[in-house]
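One structure below.
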Amino acid sequence: MYSTEEQTTRTTGEVTELDQVEYPLMEDFYTIQGEGAHTGSAAYFIRLAGCDVKCWWCDVKDSWDESKHPRVKTGDIVKRAKESGTRLAVITGGEPLLHNLEPLTIRLRQEGFSVHIETSGSSPLSGHLDWITLSPKRFKEPLDEVFPYVDELKVVVLKKKDLEWAEKNAVKCPKGTRLLLQPEWETPESVNLIVEYVKKNPRWGISLQTHKFMNVP
Ligand code: SF4
């Protein structure tokens, strides 16, 4: 869990002010968390636009340029999230930490949401986060200040050298962090690599992109 400050009860005036703060939003939608430690949970996904990491294999390249996406008020995002019925919000991207998440996460918490984030950790943490999934990318490495707060380390594996990259990041994470290796969807040979590695190194587990098998967004 990460918090920039103790969360206090806000007055109506402050809530209204926070609700006016805008974020570049690529999409928001109600779905099932398909990967990682919370696989299978109903979750409201908030995909913020903008990414400066630029992995060549990225499957959401449309998210990179935030100027191509509308700026949406926090109040509107939170309202739609509430209407979904779940109280689990997942903020993703793009790279969501390019934005100050304080207003959005305060408002989600006030409405009873548990707030999760999926990040490369390459920009400073902000906001109030109940679960931090770090997916480190070699193209722009995570900041050291992020590691103490990591709940789940999820490393995408294409080749053997990605396993070394996974271990390099794992040593910086707190004891108790969930350690997960995830095959890259378009690289089926990565599955065998991971299976053999996890059998030899059982502190790691496997994360699969089950939403792709189930055909849910
Ligand atoms: S950090 Fe994520 S959104 Fe950014 S390029 Fe890499 S995979 Fe794509």
Side-chain angles (χ1 to χ4, degrees), residues 2 4 21-29 31 33-38 43-74 76-78 80-81 89-105 108 115-147 149-159 161-162 165-166 168-169 172-173 180-187 190 207 209 211-212 216-217:
Y2 173 84
T4 42
V21 176
E22 294 177 342
Y23 291 92
L25 183 70
M26 178 173 168
E27 56 182 349
D28 57 331
F29 53 99
T31 186
Q33 170 58 286
E35 54 189 67
H38 293 90
Y44 198 79
F45 268 66
I46 299 165
R47 186 182 304 286
L48 300 181
C51 185
D52 58 354
V53 181
K54 304 195 172 151
C55 314
W56 63 263
W57 43 261
C58 176
D59 59 3
V60 280
K61 288 194 171 98
D62 285 349
S63 71
W64 291 3
D65 183 354
E66 68 175 74
S67 70
K68 289 187 178 159
H69 300 279
R71 298 188 66 82
V72 180
K73 288 191 169 103
T74 295
D76 293 335
I77 299 171
V78 173
R80 296 201 288 253
V90 179
I91 303 175
T92 186
E95 175 40 69
L97 289 177
L98 286 179
H99 313 286
N100 176 9
L101 297 180
E102 182 90 359
L104 178 60
T105 56
L108 285 167
V115 181
H116 294 198
I117 187 173
E118 299 188 347
T119 176
S120 68
S122 55
S123 292
L125 287 168
S126 60
H128 305 270
L129 305 165
D130 296 288
W131 186 268
I132 297 177
T133 300
L134 177 69
S135 190
K137 307 292 176 351
R138 247 192 301 266
F139 312 96
K140 193 171 180 216
E141 297 197 9
L143 302 177
D144 281 343
E145 67 188 60
V146 171
F147 284 100
Y149 302 100
V150 175
D151 298 290
E152 173 183 350
L153 175 67
K154 189 176 65 183
V155 182
V156 178
V157 175
L158 290 84
K159 297 178 179 160
K161 69 175 184 180
D162 296 319
W165 170 243
K168 185 182 163 192
N169 283 276
K172 297 184 184 176
C173 291
L180 297 171
L181 300 173
Q182 182 167 293
E184 201 279 320
W185 184 255
E186 305 287 342
T187 319
S190 62
S207 166
Q209 292 179 295
H211 51 293
K212 294 195 177 176
V216 292

Can you tell me how far the CG atom of Asp52 sits from the NZ atom of Lys140, to the nearest 0.5 Å? 3.5 Å

Could you pull out the closest heavy-atom pair between Leu97 and Ser126, with the gap in Å? CD2-N, 3.9 Å

Between the main-chain N or O of Leu48 and the side-chain N or O of His69, is there a donor-acceptor pair closer than 3.5 Å? no

Atom CG in Leu134, atom CG in Asp151: separation rounded to 0.5 Å? 10.5 Å

Okay, side chain of Arg47, backbone of Gly93: is any donor-acceptor separation there less than 3.5 Å? yes

Kindly indicate whether the side chain of Val155, heavy atoms from C-beta on, has any atom under 4.5 Å from the side chain of Pro136. yes

Just to verify, what does His38 make a ring-ring contact (aromatic ring centres under 6.0 Å, His included) with, not counting sequence neighbours? His116, Trp131

Can you spot which of Val90, Ile132, Leu129 makes a side-chain contact (heavy atoms from CB on, under 4.5 Å) with Val115? Leu129

List the residues meeting side chain to side chain contact (heavy atoms under 4.5 Å, CB included) with Lys73, not counting sequence neighbours, and say none if there are none. Gln20, Glu22, Asp76

Would a 4.5 Å heavy-atom cut-off, applied to side chains only, mark Glu145 and Pro124 as touching? yes

Side-chain donor or acceptor of Glu102 paired with backbone N/O of Leu104 under 3.5 Å: no

Heavy-atom check, side chain of Leu108 versus side chain of Tyr44, under 4.5 Å: no

Taking only residues two or more places apart in sequence, or in another chain, which ones meet Glu152 in a salt bridge (charged side-chain N to carboxylate O under 4.0 Å, His left out)? none

So, taking the atom named CD1 in Ile46 and the one named OG1 in Thr92, what distance separates them when rounded to the nearest 0.5 Å? 10.5 Å

Rounded at 0.5 Å granularity, tell me how far OH in Tyr23 sits from CG in Leu101. 5.5 Å

What residues, two or more places apart in sequence or in another chain, satisfy ring-ring contact (aromatic ring centres under 6.0 Å, His included) together with Tyr149? Tyr2

Quick one: pull up OG in Ser135 and CD in Glu35 and give me the separation to the nearest 0.5 Å. 8.0 Å

Can you name the nearest heavy-atom pair linking Trp57 to Lys137, along with the distance? CH2-CE, 3.4 Å

Set of side chain to side chain contact (heavy atoms under 4.5 Å, CB included) partners for Lys168, sequence neighbours left out: Glu141, Trp165

Short side-chain to backbone donor-acceptor contact, Ser207 and Gln182, under 3.5 Å: no

Quick check: does any side chain N or O of Ser190 sit under 3.5 Å from a backbone N or O of Pro183, one acting as donor and the other as acceptor? no

So, Thr105 side chain and His128 main chain: donor-acceptor pair closer than 3.5 Å or not? yes

How long is the span from the CG atom in Leu153 to the CG atom in Leu181, to the nearest 0.5 Å? 8.0 Å

Are a donor atom and an acceptor atom from the side chains of Ser120 and Glu95 found within less than 3.5 Å of each other? yes

Which pair of heavy atoms, one from Ser122 and one from Val53, lies closest together, and at what distance? OG-CG2, 3.5 Å

Side chain to side chain contact (heavy atoms under 4.5 Å, CB included) evaluation trace for Asp162 with Arg138: CA-CA 9 Å; Asp162 296 319; Arg138 247 192 301 266; 2.3 Å; yes

Tell me, which pairs form a salt bridge (Lys or Arg N to Asp or Glu O under 4.0 Å) where one or both residues lie in residues 56-65, sequence neighbours left out? Asp59-Lys212

